[in-house]
K.L.:
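Before I ask anything, let me first share the structure, which is written out below as structure tokens.
Predicted, not measured: the structure shown is a model, and the values here were computed from it.
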Amino acid sequence: MSTAAPAVEKVEKERASAFLNLSRVMIVAFVRDRMALFFVLLMPLIFLVMFGVLFKGATSPHVKVAQFGPVQVLDDIQGPGRADLDKVLTITKVPDEATGLEKVRKGTLDALIETGPDGQPVLHFSASDQVKAGAVQAVLNSVVQQANQDATHQPAKYTLTTASVEDNSLKPIQFLTPGLLGWAIATGAIFGASLTLVNWRKKRVLRRLRLAPVSVAAVVGSRVAVSLLVALTQTAIFLAVATTPAFGLKLTGNWWLVVPLVLCATLAFMSIGLVTGAFAKTEEAANGINQLIILPMSFLSGSFFPLDNSPGWLQSLSKVFPLHYLVTAAQSVLSRGGGVMDALPAMGGLLAFAAVMTLIALRLFNWDDA
Amino acid sequence: MTTAISAEGIRKRYGDVQAVDGVSLTVETGEFYGLLGPNGAGKTTTLEILEGIREPDEGRVELLGMAPWPRNKALLPRIGVQFQASAFFDKLTARETIRTFASFYGVGPKRADAMLERVGLTDSAGILTDKMSGGQAQRLSIACALAHDPELVFLDEPTTGLDPQARRNLWDLLKDINAEGRTVVLTTHYLDEAEILCDRVSVMDHGKVLRTGAPAALVRDLDDTVRVSVESGQLGAEAARELFTAAGAEIANLEDNGVSLSVSTRAPGPILTVLADQGALRGLEVRGATLEDVFLHLTGREYRA
Ligand SMILES: Nc1ncnc2c1ncn2[C@@H]1O[C@H](COP(=O)(O)OP(=O)(O)OP(=O)(O)O)[C@@H](O)[C@H]1O
Ligand SMILES: [Mg+2]
């Protein structure tokens, strides 16, 4: 119909415009879909707030100690020393020993200190929360040591100068941010890819696109571009919220590495969605299958709580999930000072996973319902 | 005249169903061609094979001189397709939908909007496609098929679900499109539509083409059968048959569908006499053969739209 040269130009233009127009269509559909917006953008934030509140008390280094009767080593500390002590210990006086011990047993208080029959301080604590038990012993030990030193009026032979290193135990926000962010990105990308595929096939949009001079690259590329954009939006919102004083996440030097990590992980998750979308005939079926994958994957990848204390086989199992690598690597680069070498292997693994799953999805792919 | 479509011996089987069973057809450039047949005749499957979205088990198809299967991107901008069921993106309005589809062909929003106007959807342009009525959706899919000015247009039951006014408007539109030199292939259940629009029709059943020709020629071939019908309940079907035969009438077909008693015959005289004698003339209608009778004759089945 038209001469050769303008035809080539026209094809190029069509390709670019198909990509942009398809991307726009998907963004518009996403923004107009209240449910999708809620699940992908808002719900993870609600979880962040909920879990943040839930975990706040649990691993706080601050311990609450009940004091029954006079305890000289504590009572002697006054002035600036007292203020320092108050930073790590809250001391409440209790009127009788039994109530105090009951509170320790129930966990409302972490320990009870009193003076024993021989005039020595005695510490009761519950072994159920080991972190607290350890903290309370350490603090009181040092208090007693200090008192001993003061009593002998000898300058200490050795004094330990403490220098703070990275705290090895995770603060809740440090694992919640990468964990919940990873879960949110997995949800967005898996659902995005799989529901688009199912919906477009079911509503015959795929076969309509097949009849239009649109390249497969434009169709796939636009979906990938939109999913990456959604994932970056999720990341930006998450980090913005987590670093507010209320949540108090401190980003370390190489935190920006989370961006390429998130992009690689999004590709990996989308490839899962492509496979489930190729299987599922209806959106409902796709929803079910996706949740069946996302929930166990999130729990086993440490999205909601760290797996440090879980059995070894569980930790090994978690290594089959792409989310595990995103969560672990993001944890490292976001707030634990991790660098490029912490992120690169994870990124490589995620991309390899994406490649394998995409090949499987291509084999299962169907333009039509029939 | 050059050939727009030629198909030879195409077959397609789905499990136990032989959906298309050796269809051959030729459509000339600029022709208005109709595929006619009852539900499940294989019209849609045939169309899909011609369009190139289904691979035939057997047979050869050429569209504008090219093979439509496998996907042929040189061919795609030159054909326009409307599916039997609409194919729209979720959560887009009518205007956004047609503009998006048009953009795939490098057609700008102005032309897309003009097409919307042409199918009478300008006032509904802001409605989300999943909120549109059946007829509105139907018109939108036709507009989407035509927005890029294709030379060859495939329409699968384009007027199903339209009200009489919209149907007539669409007929005008399709006639105009054809008059501009475009080749149009449509399937339909409406025989009047085929008679009014099509240059040639193929009557299909059980995956086979039973007869092809101009509607008028097909009707003429029926030897001028006349169809006489009266309101049901005035005369029993069996009683009527006996009376008509006794009066010497040759009956091609007699049927009482509960609404009307109809008789097809070549000589209506004796039948009208009998009906008059019996005082059974309420709702009397006499008309010449139509495609409906051709259909009945060829498929052995009463036609029901
Ligand atoms: N994808 C499919 N899978 C299995 N069987 C199919 C499929 N598509 C069509 N059929 C069967 O093939 C036969 C022909 O169907 P087709 O849709 O071509 O008929 P049609 O003439 O378009 O009917 P209608 O007038 O109802 O649209 C039917 O028996 C149908 O059940
Ligand atoms: Mg059909």
Side-chain angles (χ1 to χ4, degrees), chain A residues 1-2 4 6-37 192 195-219 222-223 226 283 366-370, chain B residues 12 14-15 17 19 44-45 47-48 50-55 64 68-93 96-97 99-109 112 128-130 137 141 144-145 147-151 154 156:
Chain A
M1 299 223 69
S2 42
V8 172
E9 206 172 279
K10 203 177 158 212
V11 166
E12 286 303 317
K13 236 179 88 194
E14 275 166 12
R15 193 164 297 159
S17 94
F19 171 80
L20 291 177
N21 280 298
L22 281 167
S23 304
R24 207 195 44 211
V25 163
M26 283 182 278
I27 292 172
V28 168
F30 177 68
V31 171
R32 286 182 188 164
D33 188 346
R34 298 254 167 83
M35 287 290 273
L37 279 180
L195 289 186
T196 303
L197 189 54
V198 172
N199 179 270
W200 283 14
R201 191 174 53 229
K202 204 177 93 181
K203 297 197 84 187
R204 295 163 293 274
V205 170
L206 272 185
R207 61 161 41 193
R208 182 66 186 76
L209 287 176
R210 194 185 185 188
L211 279 172
V214 175
S215 65
V216 175
V219 178
S222 57
R223 180 62 255 186
V226 171
E283 277 116 327
N366 239 327
W367 288 94
D368 267 298
D369 267 334
Chain B
K12 181 80 195 176
Y14 296 115
V17 183
T44 299
T45 310
L47 221 52
E48 285 172 350
L50 298 182
E51 291 156 2
I53 50 177
R54 243 178 238 295
E55 187 181 16
L64 305 170
W69 182 278
R71 190 171 186 244
N72 184 344
K73 270 177 80 178
L75 194 55
L76 299 177
R78 301 172 64 189
I79 66 174
V81 173
Q82 174 245 328
F83 298 135
Q84 186 165 358
S86 55
F88 301 139
F89 292 102
D90 257 2
K91 310 241 183 283
L92 291 198
T93 65
E96 289 165 340
T97 301
R99 285 183 176 188
T100 303
F101 281 119
S103 76
F104 298 151
Y105 297 85
V107 171
L128 291 179
T129 53
D130 52 350
S141 24
C144 289
H148 59 286
D149 254 330
E151 299 162 52
F154 292 97
D156 199 352

K.L.:
Please classify the contact between B/Ala85 and chain A as side chain, backbone, both or neither, with a heavy-atom cut-off of under 4.5 Å.
P.N.:
both

K.L.:
Does some side-chain heavy atom of B/Phe89 sit less than 4.5 Å from a side-chain heavy atom of A/Arg208?
P.N.:
no

K.L.:
Using non-hydrogen atoms and a 4.5 Å limit, figure out which bit of B/Phe101 sits close to chain A: side chain, backbone, both or neither.
P.N.:
side chain

K.L.:
Taking only residues two or more places apart in sequence or in another chain, which ones pass side chain to side chain contact (heavy atoms under 4.5 Å, CB included) with B/Thr93?
P.N.:
A/Arg32, B/Arg95, B/Glu96, B/Leu128

K.L.:
Please look at A/Leu206 and chain B and tell me whether the side chain, the backbone, both or neither of the residue comes under 4.5 angstrom of a heavy atom of that chain.
P.N.:
neither

K.L.:
Between B/Phe83 and chain A, which part of the residue has a heavy atom less than 4.5 Å away: side chain, backbone, both or neither?
P.N.:
side chain

K.L.:
Top residue by heavy-atom pair count (under 4.5 Å) with chain B, among A/Val25, A/Leu211, A/Val214?
P.N.:
A/Leu211

K.L.:
Under the salt bridge (Lys or Arg N to Asp or Glu O under 4.0 Å) rule, collect the residues that match up with B/Glu48, sequence neighbours excluded.
P.N.:
A/Arg207, B/Arg54

K.L.:
As an exercise, state the distance from OG1 of A/Thr196 to CZ of A/Phe30, rounded to the nearest 0.5 Å.
P.N.:
10.5 Å

K.L.:
Check each atom of A/Val28 against the heavy atoms of chain B and say whether the ones under 4.5 Å are side chain, backbone, both or neither.
P.N.:
side chain

K.L.:
Rounded to the nearest 0.5 Å, what separates atom CD in A/Glu283 from atom NZ in A/Lys202?
P.N.:
4.0 Å

